2 protein chains.
Amino acid sequence: MHHFDYIDQQILLQIREDARKPFSQIAEDLKISNSLVHQRIRKLKEQGVIAKAEFVVDEKKIGFRTKSYVGIRLREARYAEQVVAGLKKIPEILECNFVSGNYAIFILIFAYDNHHLRKILYEQVHHIDGVAGTDSFICFDTNFKRPVSLEALTKKDVYDQ
Amino acid sequence: MHHFDYIDQQILLQIREDARKPFSQIAEDLKISNSLVHQRIRKLKEQGVIAKAEFVVDEKKIGFRTKSYVGIRLREARYAEQVVAGLKKIPEILECNFVSGNYAIFILIFAYDNHHLRKILYEQVHHIDGVAGTDSFICFDTNFKRPVSLEALTKKDVYDQ
DNA sequence: GCTGAAACAAGTAGTGT
DNA sequence: ACACTACTTGTTTCAGC
């Protein structure tokens, strides 16, 4: 069980927004030494709270204009693992989850356009052994997308996982 | 319409994986000058291909153990905008999309546990004027999650958007 | 469009309180 | 747990090819 204080929270808020922000500048903002910033970030990494820093590539800008969530139904539950293995081979599928409800598997796809999406589903996904059918939820617009709130961080201890 | 070459692709692959990787080291790897790395990254930013570098915070490590996609049905289509405004006020909702299919709106929620998720839906989402009902797809497991493929980058020109 | 050198800024590690 | 110092390394700009 870890404990996070105000400094951890503020550091996270800043580096989450800009991973290349100089530690020295963060230190200045928070009025602490830059070795402390360094130390805290090292600890957050050790704890696994932050795993890596990544530059975010805009999918639309490189041609992937159709974003869609797709629910997958299986012929039988036992096919789950092998279907996941099949889905992983399709590079346009960026996320894959086991879910509760009407579908066994829920995926996120980025395709060039609707036609490309249809091709991926009909020529690849539907041919994976165990897949009974799919329902697509094509995203017309993403209204907002944001990272998890850090508000609760200093108010409670956080459990290991 | 932009054109991307091998150098752009390689730089993107590297900084996407580690946003704090020194440009000088990228230059060494690719056997180019570090001012060129600098130059290319500046251009990729100007074009909007990369917007920002972010440290990724592990939601599970800070206590958000229940991830769920939720489909929202509306009483009437005209409520869409005001429902989005209501959803935006709930910090546990990290993503919100207009979609095709059975639901008008599709959201992503991170909650502490199933009970917390239920509270968010029943005490907040269902009280937003215009919401007719919701269906939850709770993620038992995320099998994989990865960024968009850059394979196609050098093979075709990429359209503006 | 690309390189290389020089000025500047930041990251790192060790020491002390 | 934190700050200070000295040292190493990376970033950025600009003249020149």
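By convention in this document, chain letters (A, B, ...) are assigned in the order of the sequence lines, proteins followed by strands, and residues within each chain are numbered from 1. What you are looking at is a predicted structure, and each value in this text was computed from that prediction instead of being measured.
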Novice: Could you tell me how far apart I7(B) (CD1) and dC2(C) (C1') are, to the nearest whole angstrom?
Specialist: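 Nearest whole value for this atom pair: 9 Å.
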
Novice: Indicate yes or no for a side-chain donor-acceptor contact from T66(A) to the backbone of N114(A) under 3.5 Å, with no hydrogens or angles considered.
Specialist: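 Yes; at least one donor-acceptor contact below 3.5 Å.
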
Novice: Rounding to a whole Å, what distance do you find between N34(B):CG and dG4(C):C1'?
Specialist: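 Result: 9 Å.
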
Novice: For the residue pair Y122(A) and H126(A), does the interplanar ring angle fall in the parallel (under 30°), tilted (30 to 60°) or perpendicular (over 60°) class?
Specialist: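 The arrangement is tilted - the two ring planes meet at 30° to 60°.
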
Novice: Just call it for S24(A): base, sugar-phosphate, or nothing, with non-hydrogen atoms closer than 4.0 Å on any strand.
Specialist: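 Sugar-phosphate, backbone atoms only, no base.
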
Novice: Report the distance from atom CG of D8(B) to atom C1' of dG1(C), rounded to the nearest whole Å.
Specialist: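 Rounded to the whole Å, the gap is 12 Å.
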
Novice: What's the CD-C1' distance between E28(A) and dA10(C), to the nearest Å?
Specialist: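 It is 12 Å, rounded to the nearest whole Å.
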
Novice: Between P on dA1(D) and CZ on F4(A), what's the gap in Å once rounded to a whole number?
Specialist: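 Between P of dA1(D) and CZ of F4(A): 13 Å.
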
Novice: Which whole-number value in Å describes the distance from L36(B) CG to dC2(C) P?
Specialist: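 To the nearest whole Å, that distance equals 5 Å.
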
Novice: Can you say whether the rings of Y103(A) and F137(A) are parallel (under 30°), tilted (30 to 60°) or perpendicular (over 60°)?
Specialist: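 The rings of Y103(A) and F137(A) stand perpendicular, inter-plane angle above 60°.
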
Novice: Please answer whether the main-chain N or O of I138(A) pairs with a side-chain N or O of S100(B) as donor and acceptor at a distance below 3.5 Å.
Specialist: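 A pair under 3.5 Å: yes.
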
Novice: Below the 4.0 Å mark, does dG11(C) have OP1 or OP2 next to a side-chain nitrogen or oxygen of R20(B)?
Specialist: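 Checking R20(B) against dG11(C): at least one side-chain N or O falls below 4.0 Å of OP1 or OP2.
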
Novice: I want to check something: taking the side chain as every heavy atom from C-beta on, are R20(B) and F55(B) in contact at a cut-off of under 4.5 Å?
Specialist: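 The answer is yes, as the side chains (C-beta and beyond) meet within the 4.5 Å cut-off.
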
Novice: Take the protein atom NE2 of H38(A) and the nucleotide atom P of dT12(C), then report the distance between them rounded to whole Å.
Specialist: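 Atom-to-atom, H38(A) to dT12(C), this comes out as 3 Å.
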
Novice: I32(B) has an atom CD1; how far is it from atom P of dT11(D), in whole Å?
Specialist: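 Interatomic distance, CD1 of I32(B) to P of dT11(D): 13 Å.
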
Novice: Once you apply a heavy-atom cut-off of 4.0 Å, does R40(B) come out as touching a base, just sugar-phosphate, or nothing?
Specialist: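 Sugar-phosphate contact only.
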
Novice: What contact category does Q39(B) fall into here, base, sugar-phosphate, or nothing, at under 4.0 angstrom with non-hydrogen atoms?
Specialist: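 Base contact - Q39(B) has a heavy atom under 4.0 Å of at least one base atom.
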
Novice: Looking for any heavy atom pair under 4.0 Å, which part of the strands does K43(B) touch: base, sugar-phosphate only, or nothing?
Specialist: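 The answer is sugar-phosphate, as K43(B) gets under 4.0 Å only of primed atoms, P, OP1 or OP2.
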
Novice: Heavy-atom nearest nucleotide on DNA chain D for S35(A) versus K21(B): which residue maps closer to 5'?
Specialist: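 So the residue in question is S35(A).
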
